[in-house]
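Positions are given from 1 along the sequence. All values derive from a computational prediction rather than experimental measurement.
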Amino acid sequence: MSLKTFSQIAICTFGMLHIWNVPKNLTGFNKEKILMALYGYTIGEDRDQNPNNGKQLDVYRFLIPSAPTTSPITPTLVGTVNIAGTVTNADLEGLATNPATNRVSAVNEARATDLPNDPGPVIVVNNVDQPFAPAQVSPTRTPSNLVRFGFESGAGFSGQQNALYNISGNKTANLGGEQVGSSLYKITTANPGTISLVDAFGAPTTAAQIQGTQPTNPGKFADGLAIDNLNPGNTRAFASDFRTSDGNGNNLYKVDLLTGELSAPIALRNSSGQPLNVNADSDLSFTNSGSQRLIGWLETGAVYEITGYQDELTASGLGLGSATGTNGAGFATATLIGNVTLPNALASQPVQYEGFAIVNE
């Protein structure tokens, strides 16, 4: 029998892709039908913590649960990103999915050593998802003396702006001589592209903000970023703060992608209605196909589903919804839906997995 008389059916179950050739007269269709699934990606720190042999950052992929589960989520190794051992800020803490290509890009942390030490280069690594084909570029700083603020980073991709955004913050007062706060940066998609500070609100940009010693959003720490590409808009984005060490609990912030301004905090509650009380670096990602979900990620492998954010997201500008909206104005709920068992994530000297992105595959 000719292969032309068969249709392929692909079904994803428990993270495994199964493909069958089925006679068309039994399926009733002539086109390939594929059931898609949501997969998360994350990248660890240098695997052996030894810069003398270079830095090996492992990329892992795992299934995003559709409902809370107590069963451990087992990831698969996708590949390893190799970065020179001399790069002090090699950790790829920000991950983002380009909605046009459905590929994942990673952005490194702003700095890992205290001021006034050299912060290190800006690094973007494209195509860190499957099929794994990492391509590293170093965007041009605009202006040339631009230095990113903070020690923690997150990333999101805006299809509307056709740009990668990097939120970079500091979570602890006087850490490395920096105050608590955050700044937003825009990275163009050209090769190697440019990186610039987004600061079009409030007082004029200062030299200290350009040189990364002061944030544009003082007192508002964030290290995760999610951008809504299903219903794009300048303020349809969230930044995440799952740290208590910054002094204001666990929050989301709306982000204005054109001005770089963060809203007042949106307090996160647990599923019991109490203030969420975790203390870890985080990232954040929207599912940008089908029924939209907002997923939070902790460096330990904990996965949270965030609900009750819609009235905040749809409020005008940086407004926080209404008292009659879901959860009231200025609140959202974070429910633990699973834990990913990543190598050494919970060790006494853990490997941290700070970046997170979702791909519909």
**Q** Once you round to the nearest 0.5 Å, how far does CZ of F242 lie from CG of N250?
**A**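 Answer for the CZ-CG pair, F242 versus N250, is 6.5 Å.
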
**Q** What is the distance from atom CG of L197 to atom CZ of R141, rounded to the nearest 0.5 Å?
**A**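 L197 atom CG to R141 atom CZ measures 13.0 Å (nearest 0.5 Å).
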
**Q** Can you measure from CD1 (I306) to OG (S240) and round to the nearest 0.5 angstrom?
**A**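 Output value for this atom pair is 7.0 Å.
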
**Q** For E312 and F331, which heavy atoms make the closest approach, and how far apart are they?
**A**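 Looking at all heavy atoms of both residues, the shortest contact is OE1-O, 3.5 Å.
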
**Q** Whether the N166 and R148 side chains hold a donor-acceptor pair (N or O, under 3.5 Å, no angle test) is what I'd like checked.
**A**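 A donor-acceptor contact under 3.5 Å links the two side chains.
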
**Q** Going through the checks in order, is the salt bridge (Lys or Arg N to Asp or Glu O under 4.0 Å) test met by E261 and K254?
**A** CA-CA 8 Å; E261 184 177 7; K254 286 182 73 174; over 6 Å; no

**Q** Are D223 and S282 close enough that a side-chain donor and a side-chain acceptor fall under 3.5 Å?
**A**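 Side chains of D223 and S282: pair found under 3.5 Å.
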
**Q** Is the shortest heavy-atom distance from the side chain of Q214 to the side chain of F149 under 4.5 Å?
**A**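 SC-SC contact between Q214 and F149 ruled out.
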
**Q** Would you check if there is a donor-acceptor pair between the side chains of D256 and T235 at a distance under 3.5 Å?
**A**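 No.
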
**Q** In this structure, which one of N217, D241, L252, L184 forms a side chain to side chain contact (heavy atoms under 4.5 Å, CB included) with L262?
**A**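 Single pass found, and it is N217.
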
**Q** Would you say the side-chain atoms of N108 and D91 include a donor-acceptor pair closer than 3.5 Å?
**A**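 No.
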
**Q** Members other than I358 in its cluster, when Ile, Leu, Val, Met, Phe, Trp, Tyr link by side-chain heavy atoms under 4.5 Å?
**A**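 Reading the cluster by chain and number, I358 sits alongside L38, Y60, F62, I64, I73, L77, I295, W297, V303, I337, V340, L342, V351, Y353, F356.
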
